[in-house]
Amino acid sequence: MATPPDSPIEEVVFELEPTRAPKHRPVALEDLCRQTKFTRQEIRVMYRGFKQECPDGVVQEDAFKDIYAKFFPHGNSSLYAHYVFKAFDVNCNGAITFRDLLVTLSTLLRGSIYEKLRWTFKLYDVNGDGCITRSELAEIVVAIHELMGRRASQQMEDDRKCREQVDRVFRKLDLNQDGVITIEEFIESCLKDEIITQSMSMFDTSL
C-alpha cells in the first residue's frame, strides 16, 4: 500500500549503492527490519536524526573523524577513528550509509556476544585477511594511546607499554602460538574471559 502523501514518515529510506558515484536507491523499511534487530518505529526515529545530521545520506571518513575528535578533544583520535570507520563501512566503498550504521548498531546493541566479538575481530583485523597479526594489534594499541592523549615526552614509555600489551594479548589469544590470532582463537579465548563477556553484555540495551 502506498504511503499517504500527508504521512510524516516515509516507508522507504535511501542509501548510496556500493559504488563511488552517488546514486540513490530506495530501501524498504521492512527490509531494514529484517536485516536488523530494530523495530519500525526505532528505525524511523534514527533515520530522522541521521538525515538531519547527514542530509546527503552518507557519512564520509573526514566527517566521521570530526565527530570522534569532539568526543576526544585531548588526544589525536584520527587514527582510531579511521579503523572504526572501516569497521562501520559495510560495503567498503568509503562512505557509511544509513543501512551501514543501522546494521552495525544492531550488532553492537542487540547482537549476541558471538556477533559482537566477530565485529570486534573485524576492527582489529586491519587488512581484512581473516587473522590478527602482532603489527595489526600494535597499530590499534598505538591508536588507542593517541586517542587518550599521548604527550611527546611519553612516546618511548608508551612504545614499551604497547609492546608489552601486544605480548600479553598474544600469549592469551594465540592458542597454537603460530604468531597470528584467528577468528576461532579470538572468540574461544574471549568467551572464556569473564571480564570480556561482562563488558560485551553491557552493550545490551533497548533504544
Side-chain angles (χ1 to χ4, degrees), residues 1-111 115-128 139-140 143-144 146-149 200 202-207:
M1 179 181 296
T3 305
D6 58 347
S7 174
I9 303 299
E10 295 291 340
E11 289 299 307
V12 296
V13 294
F14 296 90
E15 65 174 11
L16 285 182
E17 289 185 328
T19 62
R20 291 292 180 178
K23 181 181 179 182
H24 290 81
R25 63 183 176 88
V27 178
L29 182 59
E30 290 301 328
D31 288 343
L32 292 176
C33 287
R34 285 193 295 268
Q35 294 167 8
T36 69
K37 296 179 174 66
F38 295 122
T39 65
R40 293 162 61 92
Q41 183 58 29
E42 288 170 339
I43 293 173
R44 289 188 183 109
V45 170
M46 286 188 283
Y47 182 64
R48 287 196 199 100
F50 182 83
K51 286 297 289 184
Q52 183 175 349
E53 295 297 326
C54 309
D56 293 335
V58 294
V59 180
Q60 304 292 342
E61 184 168 347
D62 286 345
F64 191 82
K65 288 180 177 179
D66 289 341
I67 294 170
Y68 247 81
K70 293 177 182 178
F71 285 98
F72 299 94
H74 302 298
N76 180 4
S77 62
S78 180
L79 185 57
Y80 188 73
H82 167 71
Y83 296 128
V84 176
F85 181 88
K86 285 180 60 180
F88 268 78
D89 182 8
V90 176
N91 290 320
C92 301
N93 64 345
I96 299 174
T97 65
F98 179 67
R99 177 186 173 280
D100 292 340
L101 182 68
L102 207 64
V103 168
T104 300
L105 289 179
S106 177
T107 297
L108 295 178
L109 298 177
R110 304 275 172 85
E115 291 170 327
K116 293 172 185 176
L117 287 173
R118 287 187 67 89
W119 187 88
T120 304
F121 182 87
K122 178 183 176 182
L123 174 66
Y124 281 75
D125 180 15
V126 175
N127 66 2
E139 287 181 46
I140 299 294
I144 293 173
E146 291 186 0
L147 179 75
M148 303 310 295
M200 290 291 178
M202 289 175 62
F203 283 106
D204 291 335
T205 185
S206 296
L207 297 179

Working to the nearest 0.5 Å, report the span between [atom1] of [X] and [atom2] of [Y].
| X | Y | atom1 | atom2 | value |
| --- | --- | --- | --- | --- |
| T104 | I96 | OG1 | CD1 | 7.5 Å |
| F85 | I67 | CZ | CD1 | 10.0 Å |
| T107 | K37 | OG1 | NZ | 6.5 Å |
| L101 | T97 | CG | OG1 | 8.0 Å |

Pairing residues for [X] by the side chain to side chain contact (heavy atoms under 4.5 Å, CB included) criterion, not counting sequence neighbours:
| X | value |
| --- | --- |
| V103 | T36, R99 |
| N127 | D125, D129, E136 |
| L123 | Y80, Y83, V84, A87, W119 |
| A69 | S77 |

Is R48 salt-bridged to E53, cutoff N-O under 4.0 Å? no

Is E42 salt-bridged to R110, going by a charged N under 4.0 Å from an acidic O? yes

Distance-minimising heavy-atom pair for L109 and F38: CD1-CZ, 4.4 Å

Correct closest heavy-atom pair for E139 and V126 would be OE1-CG1, 4.0 Å

Parallel, tilted or perpendicular: which describes the rings of F88 and F64, with under 30° parallel and over 60° perpendicular? tilted

Which class fits the ring pair Y47 and F98: parallel under 30°, tilted 30 to 60°, perpendicular over 60°? perpendicular

Taking the side chain from [X] and the backbone from [Y], do they hold a donor-acceptor pair closer than 3.5 Å?
| X | Y | value |
| --- | --- | --- |
| D89 | G94 | yes |
| N76 | S78 | yes |
| S106 | L102 | no |

Residues two or more places apart in sequence or in another chain: which of them pass salt bridge (Lys or Arg N to Asp or Glu O under 4.0 Å) with E61? K65

Given C33 and T39, is the side-chain contact (heavy atoms from CB on, under 4.5 Å) satisfied, shown in steps? CA-CA 6 Å; C33 287; T39 65; over 6 Å; no

Side chain to side chain donor-acceptor pair (under 3.5 Å) filter on Y68, not counting sequence neighbours, yields none

